[in-house]
Amino acid sequence: MSSTDAAPTERTDPPVPRNGLDRYFEITARGSTVGTEIRGGLVTFFTMAYIIVLNPNILGGTDGTGAELASKSTIAATTALVAGVLTILMGVVARFPLALAAGLGINAVVAFSIAVLPDMTWADAMGIVVLEGLIILVLVFTGFRQAVFNAVPVWLKTAISVGIGLFIAFIGFFDAGFVTAPWSPDFPPAVPVTLGVNGSIATWPVAVFAFGLILTVVLLVKKVRGAILISILVTTVLAIVVNAIADIDSWGLTEPGIPDKIVSTPNFSLLGHFSLFGAFGKIGAISVVLLVFSLLLADFFDTMGTMVAVGGEAGLLDAKGNPPRSQQILVVDSIAAAAGGAAGVSSNTSYIESAAGVGDGARTGLASVVTGVAFLLATFLAPLVAVIPSQAAAPALVVVGFLMVTQVLDIDWKDYTIAIPAFFTMVLMPFTYSITAGIGGGVIMYVILQVVVGKARKVHPLMWLIAGLFVLYFVRAPIEQLVG
């Protein structure tokens, strides 16, 4: 057949935006709708709203002078306020479906390892957090953070996504009480974790979680729109009913029930509660530098892993494994670290729970705007937010964890120099309960194996630097003891 007889090539025109909102957030271009973005944003909020209750419990102790930070209601209101503002900023500036809030792990380090040092005040501890955030912001503007991100091999970014999938699934099981850490006052437990209570689903809350998990899976398999949000709402109603009928004291942070009131007046007196250089006079410059380094490395790589995982789940990564507007994502996240400290509620960072909203269809920054608005409303509607127990939100984490783990097929398991570092990355995250530890283990193993097989010259110079920094990170405790 001659060229003149050949069938004309069919051209696919890009989708036409419906309005300015659609054009700005690229809603149609990413195969989404406004309704889907709203639903996905709400799913993300419900999945991570626990931080409003949990952060006050972590930060609500005393500092090195014996003084309390503030009332739990004040910490809760400020936590929600900062999360709301920063998440909206992420949505508007980076246009990426990523939500931010006070960082779990970092807030515990601040509360239990930094703020309790002799003569250290909460304001001094928050000053260290602000310093760490400002340094990260400088690293972003100089292009260093983006360069590090680009230096990481694509397959390692995939392994990070898979590892985070396993990690958030474990978080979901653990937060719901489906997986527990056995404890005995007389002797160490025979196993580190177990099913429910003594290997059995022996409580109503765990049974409610099991119902929610099955419902989520069934709706997902049946391809029901809004499967995750529907499951969260239905399971919450079931939890309220069960709690009203049975006498239960094992729900965890939030007990489901009809609240006495819906609206409460927030207190934002914590804003500006920090002393930028106060810690230097309390613990010395070397100790401050070590503490800033520890926080910085955790923030630096947690966010990298989270944005890759969420972008991968949303199908937004390019050929090099980078999400769109990655520079803007990193800028907002860096601002969040400093803003959280400046507001007195610890460093804010990107939340992997954002993947729950993406799993329910969110693809754009509009979903983040919705999540942020929900956080702002939560400053007034704290009693209503407290109705949703972990057992209702946790099934979303487990199911999204499954979806993220499916990317494991993209890793070349026949090449041990790739497969072994990928394996270390994936398993260390849930086993150490740390995204940073997983990335660090994978990077170090990758560099070691490249040296062993004689390919050291092919390792990007920044990967050598990252590996060295992670070695320091893993042995920071002996270093801190050495310098007193």
Side-chain angles (χ1 to χ4, degrees), residues 82-83 85-87 89-90 93-94 96 98-110 113-114 124-152 157 160 164 274-277 279-280 285 287-311 322-323 325-352 354 368 434-440 443 462-463 465-470 472-473 476:
V82 177
V85 171
L86 292 169
T87 300
L89 188 65
M90 178 66 77
V93 175
F96 194 68
L98 197 60
L100 303 96
L104 280 177
I106 291 179
N107 56 2
V109 171
V110 171
S113 300
I114 298 178
D124 297 332
M126 292 302 163
I128 292 177
V129 174
V130 174
L131 282 173
E132 176 257 333
L134 293 176
I135 292 173
I136 285 188
L137 188 59
V138 170
L139 293 178
V140 171
F141 284 135
T142 58
F144 179 78
R145 198 175 186 188
Q146 182 71 48
V148 169
F149 184 73
N150 294 337
V152 177
K157 292 175 181 176
I160 290 170
I164 291 177
F274 72 99
S275 174
L276 192 58
F277 301 109
F280 285 88
S287 295
V288 171
V289 170
L290 288 172
L291 291 173
V292 168
F293 170 74
S294 297
L295 295 178
L296 187 149
L297 207 63
D299 252 348
F300 195 105
F301 288 99
D302 266 18
T303 298
M304 187 185 79
T306 300
M307 61 190 276
V308 168
V310 172
N322 301 330
R325 299 186 182 88
S326 55
Q327 178 75 356
Q328 288 90 329
I329 295 172
L330 295 174
V331 167
V332 175
D333 183 83
S334 302
I335 292 173
V345 290
S346 187
S347 174
N348 274 232
T349 189
S350 301
Y351 261 58
I352 190 54
S354 305
S368 295
S434 169
I435 294 175
T436 302
I439 296 175
V443 168
L462 284 177
M463 292 297 287
L465 175 61
I466 297 169
L469 291 175
F470 270 121
L472 293 176
Y473 178 77
R476 65 190 184 280

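The residues of the chain are indexed from 1 along the displayed sequence. All values reported here derive from a predicted model rather than from experimental measurement.
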Checklist entry - Run the side-chain contact (heavy atoms from CB on, under 4.5 Å) check on Val310 and Phe96 step by step: do they pass? => result CA-CA 9 Å; Val310 172; Phe96 194 68; 4.1 Å; yes

Next on the checklist: What's the separation between atom CG in Leu295 and atom OG in Ser347, rounded to the nearest 0.5 Å?
Outcome noted: 7.5 Å

Checklist outcome for this item: Residue set satisfying side-chain contact (heavy atoms from CB on, under 4.5 Å) with Leu462, at least two apart, ordered chain then number -> Phe144, Ala147, Val148, Ala151, His460, Leu465

Checklist outcome for this item: Shortest non-hydrogen pair, Phe149 vs Met307, comes out as CZ-CE, 4.0 Å

Checklist outcome for this item: Of all heavy-atom pairs linking Ala285 and Phe280, the shortest is CA-CD2, 3.7 Å

Checklist entry - Donor-acceptor pair, Tyr351 side chain versus Ala102 backbone, under 3.5 Å? => result yes

Item to check | Expected output: side-chain Ser334 to main-chain Leu330 donor-acceptor under 3.5 Å | outcome: yes

Item to check | side-chain contact (heavy atoms from CB on, under 4.5 Å) partners for Ala336, two or more places apart | outcome: Leu86, Leu100, Asn348

Item to check | Heavy-atom closest contact (Met126 atom, Gly344 atom, distance) | outcome: CE-O, 3.5 Å

Checklist entry - For the residue pair Val152 and Met463, what are the closest heavy atoms and their distance? => result CA-SD, 4.0 Å

Donor-acceptor pairs under 3.5 angstrom involving side-chain atoms of residues 127-143: please list them, not counting sequence neighbours.
from: Thr142; atom 1: OG1; to: Val138; atom 2: O; distance (Å): 3.1
from: Thr142; atom 1: OG1; to: Leu139; atom 2: O; distance (Å): 3.0

Checklist entry - Which value, rounded to the nearest 0.5 Å, describes the distance between Ile160 atom CD1 and Ile439 atom CD1? => result 4.0 Å

Checklist entry - Shortest non-hydrogen contact from Met90 to Ile329? => result CE-O, 3.7 Å

Checklist entry - Do you know which two heavy atoms are closest between Ser368 and Leu98, and how far apart they sit? => result OG-N, 2.9 Å

Next on the checklist: Test of understanding: with side-chain contact (heavy atoms from CB on, under 4.5 Å), list the residues that count as partners of Val85, not counting sequence neighbours.
Outcome noted: Leu81, Leu376

Item to check | Pairing residues for Phe293 by the ring-ring contact (aromatic ring centres under 6.0 Å, His included) criterion, not counting sequence neighbours | outcome: none

Next on the checklist: Taking salt bridge (Lys or Arg N to Asp or Glu O under 4.0 Å) as the cut-off, I'd like each qualifying pair that reaches into residues 325-336, sequence neighbours left out, listed once.
Outcome noted: Glu26-Arg325, Arg145-Asp333

